[in-house]
Amino acid sequence: QVQLVESGGGLVQPGGSLRLSCAASGSIFSVNTMRWYRQTPGKQRELVATITRGGSTNYADSVKGRFTISRDNAKNTVYLQMNSLKPEDTAVYSCNADLQPIGRPVYNYWGQGTQVTVSS
């Protein structure tokens, strides 16, 4: 009933930008902390960025100064603005959220993932 739906991935040249979106939908009581992860073959899954409901953020060192996580609580949506993209940013980016459905306990949810490819 509750799901996270991601969009915005694609192909971009090094130095380019992309903006990822992830919207929570369904019968939702609250959306708490939201996160972006990424994973590429041969590498461990990496926590890219985190944002609390109040807007406090944290970033992986590899993306600091280049990526910005934000959210629109009215839309139950989290964004990841990615600038100055590098080939090593290529990965499947997945949205994650601590979310409480109406009438149910809080639970951790994942989106389906969206491919980001940075290549010349």
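Predicted, not measured: the structure shown is a model, and the values here were computed from it.
A side-chain donor from one of Thr117 and Gln115 sits under 3.5 Å from a side-chain acceptor of the other. With hydrogens and angles left out, the side-chain atoms of Thr50 and Asn58 include no donor and acceptor closer than 3.5 Å.
Ile51 and Tyr109 fall within the same hydrophobic cluster, defined by Ile, Leu, Val, Met, Phe, Trp and Tyr side-chain heavy atoms under 4.5 Å apart, directly or through other members. Cluster annotation: Val78 and Ile28 are assigned to the same hydrophobic cluster (Ile/Leu/Val/Met/Phe/Trp/Tyr, side-chain heavy-atom contacts under 4.5 Å, transitive). Linking Ile, Leu, Val, Met, Phe, Trp and Tyr residues whenever their side-chain heavy atoms come within less than 4.5 Å places Val63 and Leu80 in a single cluster. Using a 4.5 Å cut-off between side-chain heavy atoms of Ile, Leu, Val, Met, Phe, Trp and Tyr, with links allowed through other members, Val48 and Val12 fall into the same hydrophobic cluster. Hydrophobic clustering of Ile, Leu, Val, Met, Phe, Trp and Tyr side chains at less than 4.5 Å, counting indirect connections, unites Tyr59 with Val116.
Contact between Asn108 and Arg35 at its shortest, heavy atoms only, is ND2-NH1, 3.6 Å. The two residues Leu47 and Ala60 make their nearest non-hydrogen contact at O-CB, 3.4 Å. When every heavy atom of Leu85 is checked against every heavy atom of Arg66, the shortest pair comes out as CA-NH1, 3.9 Å. Scanning both residues, Gly8 and Leu18, for their nearest heavy atoms gives O-CD2, 3.9 Å. The two residues Ser27 and Gln1 have their closest heavy-atom pair at OG-NE2, 3.1 Å. For the residue pair Asn32 and Val106, the shortest heavy atom distance occurs at ND2-CG2, 4.0 Å.
Phe29 is not listed as a side-chain neighbour of Arg104, based on a closest heavy-atom distance of 4.5 Å or more. Side-chain contact between Ser119 and Pro87 is absent, with no heavy atoms from C-beta onward closer than 4.5 Å.
The distance between the ring centers of Trp36 and Phe67 does not fall below 6.0 angstrom.
Side-chain N or O atoms of Tyr37 include none that pairs as donor or acceptor with a backbone N or O of Trp110 at under 3.5 Å. Using modelled atom types, one side-chain atom of Glu6 and one backbone atom of Gly113 make a donor-acceptor pair closer than 3.5 Å. Listed for the Arg53 side chain is a donor-acceptor partner under 3.5 Å among the backbone atoms of Val31.
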Please step through side chain to side chain donor-acceptor pair (under 3.5 Å) for the pair Thr68 and Arg19, ending with a clear verdict.
CA-CA 9 Å; Thr68 302; Arg19 191 192 195 203; over 6 Å; no
Would you check, one step at a time, whether the test salt bridge (Lys or Arg N to Asp or Glu O under 4.0 Å) holds for Lys86 with Asp89?
CA-CA 5 Å; Lys86 305 174 181 179; Asp89 295 319; over 6 Å; no
Trace of the side-chain contact (heavy atoms from CB on, under 4.5 Å) decision for Thr114 with Val92
CA-CA 5 Å; Thr114 185; Val92 174; over 6 Å; no
Set out, in order, the CA-CA distance, both residues' side-chain angles and the distance that settles side chain to side chain donor-acceptor pair (under 3.5 Å) for Ser62 and Glu46, then state yes or no.
CA-CA 10 Å; Ser62 56; Glu46 179 183 22; 2.8 Å; yes
Test Tyr93 against Met82 for side-chain contact (heavy atoms from CB on, under 4.5 Å), laying out the working first.
CA-CA 11 Å; Tyr93 285 72; Met82 304 184 294; 3.9 Å; yes
After noting the C-alpha distance and the side-chain angles of Asn83 and Ser17, does the key distance pass the side chain to side chain donor-acceptor pair (under 3.5 Å) rule?
CA-CA 4 Å; Asn83 299 326; Ser17 298; 2.9 Å; yes
Mind running side-chain contact (heavy atoms from CB on, under 4.5 Å) on Arg45 and Arg38 for me, showing each step along the way?
CA-CA 6 Å; Arg45 187 185 66 186; Arg38 67 185 182 187; over 6 Å; no
